[in-house]
Peer 1: 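The structure's right below; bear with me while I get my questions together.
Whatever order the structure lists them in is the order used to number ligands and atoms, beginning at 1. For the numbers below, each heavy atom of this structure counts, side chains included, while hydrogens, waters and symmetry mates do not.
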Amino acid sequence: MDLLLFGPPGAGKGTQAKFLVDLLGIPQISTGDMMRAERKSGSDLGKQFDEYMSAGKLVPDGLVLDLMLKRLTQADAKNGAIFDGYPRTVDQAESLDALLGQLERRIDRVVSLDVQLDAIVERVTGRRVCLDCGQTYHVRYSPPPQNGECTSCRGTQIVQRSDDTEEVVRKRYEEYKAKTEPVLAHYEEKGVVQRVEGVGSLEEITERIKEAIGVE
Ligand code: AMP
């Protein structure tokens with residue numbers, strides 16, 4: 001199955017994708033995570049990503065497509081993937097459809113997580129992330145351990161992402177409204193969109209997603 005988790009930045013796509021990986025046996029493909037890894041490596045490409053990411057702007061479509069071409073041809077993604085944070089423009093959606101078409105695949109389901117801006121600001125500014133494994137925490141709802149050690153990998157660098165400040169969150173939301181929301185209409189025309197209320201406990205939201213995609 002090729003599943004697209006859709007919604008504004010901070011809707012919980014990444015968190016939910018991690019639960020679904022085990023359940024569906026297909027990998028999560030997060031362009032944001034891939035870009036952060038590239039940025040961390042200090043490569044020239046990573047520096048280009050950083051310029052856009054730290055300003056809350058979208059990385060140009062051409063650069064994103066190069067990343068995706070490499071990722072989709074890796075063995076673990078041959079039976080499907082959970083796309084998280086991609087596609088973020090209608091152009092990206094059209095390129096993805098073409099790419100999947102060449103592999104005789106298509107986006108089977110789009111789950112759109114509905115969350116309002118004020119809830120997003122609260123979630124994102126409270127988010128903390130382990131630099132080693134990507135495990136996320138929230139200062140209020142799932143605080144990082146007091147001893148500072150990540151519960152997943154025991155890494156000790158649990159930090160706030162540089163683009164998780166209120167100013168950047170608002171900028172990212174504007175980008176979402178202007179450029180990303182139209183992607184939903186693109187897939188609505190294909191009749192594959194399911195809307196899911198994105199507010200509630202993690203477990204409740206996972207259950208709603210499972211119901212939406214017809215998985216036990
Ligand atoms: P995320 O982790 O998905 O919230 O992405 C963090 C940042 O990475 C975004 O604000 C963008 O600057 C960049 N980014 C991630 N995915 C994409 C994409 N598909 N297209 C353009 N920019 C992206």
Peer 1: Compute whether any side-chain donor of one residue and acceptor of the other, for Glu38 and Ser43, lie under 3.5 angstrom apart.
Peer 2: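 There is such a pair (donor and acceptor under 3.5 Å, judged by atom type) between the side chains of Glu38 and Ser43.
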
Peer 1: Could you tell me whether Asp163 approaches ligand 1 through its side chain, its backbone, both or neither, with non-hydrogen atoms closer than 4.0 Å?
Peer 2: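 Under 4.0 Å from ligand 1, Asp163 contributes side-chain atoms alone.
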
Peer 1: Please report which non-hydrogen protein atom sits nearest to atom 3 (O) of ligand 1, along with the residue it belongs to and the distance in Å to one decimal place.
Peer 2: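 That would be Arg88 NH1, 2.9 Å.
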
Peer 1: Keeping Glu204 on the side-chain end and Ser201 on the backbone end, is there a donor-acceptor pair under 3.5 Å?
Peer 2: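 Looks like yes, one N/O pair under 3.5 Å.
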
Peer 1: Going by the atom numbers of ligand 1, which of them fall below 4.0 Å from some non-hydrogen atom of Val64?
Peer 2: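 Answer, ordered by atom number: 19 (N), 20 (N), 21 (C).
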
Peer 1: Run down the list Ile29, Thr31, Leu63, Val59 and name the one with the heavy atom closest to atom 16 (N) of ligand 1.
Peer 2: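 Checking each option, the heavy atom nearest atom 16 (N) of ligand 1 is found in Thr31.
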
Peer 1: Which atoms from ligand 1 have a heavy atom of Arg161 less than 4.0 Å away?
Peer 2: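 So the atoms of ligand 1 that pass are 1 (P), 2 (O), 4 (O), 6 (C).
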
Peer 1: If the threshold is 4.0 Å, N to carboxylate O, is there a salt bridge linking Glu166 and Arg170?
Peer 2: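 Counted as a salt bridge, because a side-chain N and a carboxylate O are separated by less than 4.0 Å.
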
Peer 1: Can you tell which of Met35, Lys179, Arg39, Arg172 gets a heavy atom nearest to atom 23 (C) of ligand 1?
Peer 2: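 Looking at heavy atoms only, Met35 sits closest to atom 23 (C) of ligand 1.
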
Peer 1: Taking only heavy atoms of Gly85 into account, list the atoms of ligand 1 that are under 4.0 Å away from them.
Peer 2: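 Every atom of ligand 1 under 4.0 Å from some heavy atom of Gly85: 16 (N), 17 (C), 18 (C), 19 (N).
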
Peer 1: Above 12 or not: heavy atoms from other molecules or residues under 6.0 Å from CD of Glu167?
Peer 2: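 Result for CD/Glu167: open.
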
Peer 1: Would you tell me whether Tyr187 and Ser112 have side-chain atoms, one donor and one acceptor, within less than 3.5 Å of each other?
Peer 2: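 Side chains of Tyr187 and Ser112: no pair found under 3.5 Å.
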
Peer 1: Indicate whether the side chain of Tyr52 and that of Glu175 have a donor and an acceptor atom separated by less than 3.5 Å.
Peer 2: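 Absent: no donor and acceptor within the cut-off.
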
Peer 1: Should Asp91 and Lys179 count as an ion pair when the cut-off is N to O under 4.0 Å?
Peer 2: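 Lys179 and Asp91: not salt-bridged.
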
Peer 1: Give me the nearest non-hydrogen protein atom to atom 8 (O) of ligand 1 as residue plus atom name, then the distance to 0.1 Å.
Peer 2: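 Nearest protein contact, heavy atoms only, for atom 8 (O) of ligand 1 is Met53 CE, 3.4 Å.
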
Peer 1: Taking only heavy atoms of Lys57 into account, list the atoms of ligand 1 that are under 4.0 Å away from them.
Peer 2: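 Ligand 1 atoms under the 4.0 Å threshold to Lys57: 11 (C), 12 (O).
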
Peer 1: Quick one: does Lys13 get a heavy atom under 4.0 Å from ligand 1?
Peer 2: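 No heavy atom of Lys13 comes that close to ligand 1.
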
Peer 1: As an exercise, identify every atom of ligand 1 less than 4.0 angstrom from a heavy atom of Gln92.
Peer 2: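 Matching atoms, with element in brackets: 18 (C), 19 (N), 20 (N), 21 (C).
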
Peer 1: Does the side chain of Gln16 come under 3.5 Å of the side chain of Thr206 through a donor N or O and an acceptor N or O?
Peer 2: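 Yes.
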
Peer 1: State the atoms of ligand 1, each with its element, that fall below the 4.0 Å cut-off from a heavy-atom position in Arg36.
Peer 2: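 Checking each atom against Arg36, I get 2 (O), 6 (C).
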
